Number of protein chains: 2
Amino acid sequence: MSVVAKSASEQTRERLLDAAREVFSQCGFQGATVREICRRADANVAAVNYHFGGKDALLAEALNFAPLRALQEDNVTADACPRVRLRLFIHGFLRMLLDEKNASAQCQIMARELADPTPALDKIVREAIAPLHTYLGTVVREIVGATVSEADCRRGVHSIVGQCMYYRHSQPVLQRLRPKLNYTPKEIEAIAQHIAEFSLAGLAQLAITSR
Amino acid sequence: MSVVAKSASEQTRERLLDAAREVFSQCGFQGATVREICRRADANVAAVNYHFGGKDALLAEALNFAPLRALQEDNVTADACPRVRLRLFIHGFLRMLLDEKNASAQCQIMARELADPTPALDKIVREAIAPLHTYLGTVVREIVGATVSEADCRRGVHSIVGQCMYYRHSQPVLQRLRPKLNYTPKEIEAIAQHIAEFSLAGLAQLAITSR
DNA sequence: TTGAATTTCAAACAAGCGTTTGATACGCTT
DNA sequence: AAGCGTATCAAACGCTTGTTTGAAATTCAA
């Protein structure tokens with residue numbers, strides 16, 4: 001057996017994982033049903049329990065934080081000043097959250113679960129969100145300087161992440177407010193531009209107030 | 001029968017509504033169960049269907065946008081400049097979202113449903129969120145002036161609302177990031193201060209860029 | 001090719017859900 | 001007190017959920 005050719009069993013596993021990422025990110029953990037996942041994967045209802053042991057374990061395996069980690073690593077090695085790095089990060093983060101055609105869309109499962117604790121939330125926070133906040137904290141710190149308090153620094157991170165998440169999380173609402181809304185790459189870039197502009201000014205204000 | 005003394009039936013109705021607001025805002029529409037609502041209301045499982053006709057109709061009656069409307073009306077009549085009115089609004093809005101002891105906590109049901117469309121979401125958007133965005137749009141417009149595009153103005157509103165919602169919506173995550181987190185009135189005021197400061201600077205930047 | 005191990009499948013299971021039912025208890029007018 | 005409409009109740013219904021089962025199909029080494 002070559003490296004690329006997978007056994008039938010492995011193929012089923014991967015089809016299940018792909019379908020799971022799709023359904024989990026669209027419907028959330030509770031809303032997703034094992035039957036729907038198996039239907040999309042052209043597999044039997046029992047396949048999830050046979051290959052993974054249960055719905056919980058399937059979610060745990062479906063999670064993939066690599067794209068988010070890659071975004072951070074690309075950003076930290078980018079040869080640019082903190083402000084530009086923040087711009088780049090916001091743009092990449094929004095692409096991850098909003099662009100369904102993006103390969104990194106796997107992280108959308110994560111966003112779906114933030115408000116609704118599932119057995120996997122502890123893992124998500126530990127391995128993805130905490131590092132994200134820590135990293136953004138260092139970038140924000142570089143921008144605002146040493147005079148800003150730790151609490152203000154953290155709230156600055158929250159302001160940035162909160163703005164990004166809003167477009168993902170409140171999509172059903174925004175869709176109803178503006179039915180023509182569509183997250184094209186162009187629209188995503190415009191949103192990223194806005195959030196970066198808005199936030200850099202906000203951070204600058206933090207630095208001023210703390211003087 | 002006097003105005004204050006309610007019949008036994010009306011008392012049951014009100015106990016059900018109170019319990020429903022509690023459970024819906026804590027668990028969401030799907031997560032909430034009729035049995036749990038009735039348990040907290042000391043009522044029979046059949047009570048919801050007898051008094052309201054079903055779980056959907058109970059949610060529709062449990063919704064109460066009066067506090068949110070009152071916040072807008074108080075704000076529009078406040079004798080203050082747009083910037084101060086924005087500060088006041090953000091503070092009141094956050095109290096509504098985060099302070100469980102607040103009487104206006106009924107609007108927390110609303111926040112719970114934003115990401116997860118239910119039969120009532122259309123009503124929520126039409127009667128609560130759309131007016132909220134419209135009103136905030138006028139305040140933001142007063143602050144940034146006429147040179148800023150309609151799209152930038154709308155994104156400014158999103159930035160403000162997004163920051164506020166983040167603290168409510170991502171509470172399970174923030175709780176895990178900082179276990180000591182507690183939304184005391186003092187903490188809420190500090191958050192409101194931060195968001196107002198941050199956003200006013202962001203809005204000012206919008207005005208500068210559009211020149 | 002054969003035979004054991006792995007994988008798939010239709011079917012059924014137990015538990016939970018919203019809802020319905022028919023009997024019972026209650027409140028109120030007569 | 002009797003009668004009647006309303007409200008409550010335990011029980012059950014129909015449905016969906018995640019999971020289990022045991023037989024059938026497939027895979028793969030010997």
Side-chain angles (χ1 to χ4, degrees), chain A residues 1-24 26-63 109 112-113 116-120, chain B residues 1-2 4-24 26-63 109 112-113 116-121:
Chain A
M1 187 204 313
S2 81
V3 185
V4 292
K6 317 276 184 171
S7 77
S9 169
E10 284 175 281
Q11 283 181 21
T12 308
R13 261 187 71 99
E14 298 211 349
R15 284 204 318 276
L16 282 171
L17 282 173
D18 285 342
R21 294 195 182 99
E22 219 180 275
V23 180
F24 280 142
Q26 284 174 9
C27 314
F29 180 73
Q30 296 195 28
T33 71
V34 172
R35 282 172 172 81
E36 173 65 15
I37 292 171
C38 290
R39 202 186 56 76
R40 294 203 200 185
D42 269 320
N44 188 269
V45 211
V48 163
N49 284 278
Y50 178 78
H51 286 280
F52 299 94
K55 189 185 176 184
D56 290 23
L58 174 61
L59 172 63
E61 288 223 40
L63 290 173
I109 307 178
R112 217 26 178 95
E113 303 301 324
D116 209 355
T118 71
Chain B
M1 184 203 316
S2 83
V4 291
K6 316 276 184 175
S7 75
S9 168
E10 283 174 281
Q11 283 179 21
T12 308
R13 263 187 70 99
E14 297 211 351
R15 284 205 317 276
L16 282 171
L17 281 174
D18 285 342
R21 293 197 182 98
E22 218 180 278
V23 180
F24 280 141
Q26 283 174 8
C27 314
F29 180 73
Q30 296 195 30
T33 72
V34 171
R35 281 173 172 81
E36 172 65 15
I37 292 171
C38 291
R39 202 185 56 75
R40 293 203 200 185
D42 269 320
N44 188 269
V45 211
V48 163
N49 284 278
Y50 179 78
H51 285 281
F52 299 95
K55 188 185 177 184
D56 290 22
L58 175 61
L59 172 62
E61 288 222 41
L63 291 173
I109 307 177
R112 220 19 181 101
E113 302 301 325
D116 211 354
T118 71
L121 184 56

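Order of the sequence lines sets the chain letters (A, B, ...), proteins ahead of strands, with each chain counted from 1. We use all heavy atoms of the structure for the numbers below, so side chains are in, but hydrogens, waters and symmetry mates are not. Here the structure is a predicted model, which is why all the values come from computation and not from measurement.
- Residue H51(A) places at least one side-chain N or O under 4.0 Å from the OP1 or OP2 atom of dT8(C).
- Side-chain nitrogen and oxygen atoms of S9(B) include at least one within less than 4.0 Å of the OP1 or OP2 phosphate oxygen of dA7(D).
- Heavy-atom nearest nucleotides on DNA chain C were determined for Y50(A) and for V45(A), and the one closer to the 5' end corresponds to Y50(A).
- The CG atom of D56(B) sits 16 Å away from the P atom of dC17(C) (whole-angstrom rounding).
- Of the charged side-chain nitrogens involved, at least one lies within less than 4.0 Å of a carboxylate oxygen, so that E36(B) and R39(B) count as a salt-bridged pair.
- Checking dT21(C), dG18(D), dT19(C) against the side-chain heavy atoms of K55(B) singles out dT19(C) as nearest.
- Ionic pairing of R21(B) and D18(B) is present here: one or more N-O contacts between side-chain nitrogen and carboxylate oxygen are shorter than 4.0 angstrom.
- For L58(A) and dT17(D), the CG to P distance is 16 Å, given to the nearest whole Å.
- A side-chain donor-acceptor contact under 3.5 Å links E113(A) to the backbone of F29(A).
- Judged by distance alone, with hydrogens and angles left aside, N44(B) brings no side-chain donor or acceptor close enough to the base of dA7(D) to form a pair under 3.5 Å.
- T12(B) has no side-chain polar atom (N or O) that falls below the 4.0 Å cut-off from OP1 or OP2 of dA7(D).
- For R35(A) and dG18(D), a side-chain-to-base donor-acceptor distance below 3.5 Å is present, hydrogens and geometry of angles not being considered.
- Atom-to-atom, CZ of R39(B) to P of dG16(C) comes out at 14 Å; the value is rounded to the nearest Å.
- A straight line from CD of E36(B) to C1' of dA15(C) spans 17 Å, rounded to a whole angstrom.
- Counting non-hydrogen atoms of other residues, nucleotides and ligands closer than 6.0 Å to CD of Q30(B) gives a total of 12 or fewer.
- Atoms CG (N49(A)) and P (dA12(C)) sit 19 Å apart, rounded to a whole Å.
- If you measure from atom CZ of F24(B) to atom C1' of dG18(C), you get 12 Å, rounded to the nearest angstrom.
- For E10(A) and dT26(D), the CD to P distance is 20 Å, given to the nearest whole Å.
- Distance, Q30(A) CD to dC17(C) P: 11 Å, rounded to whole Å.
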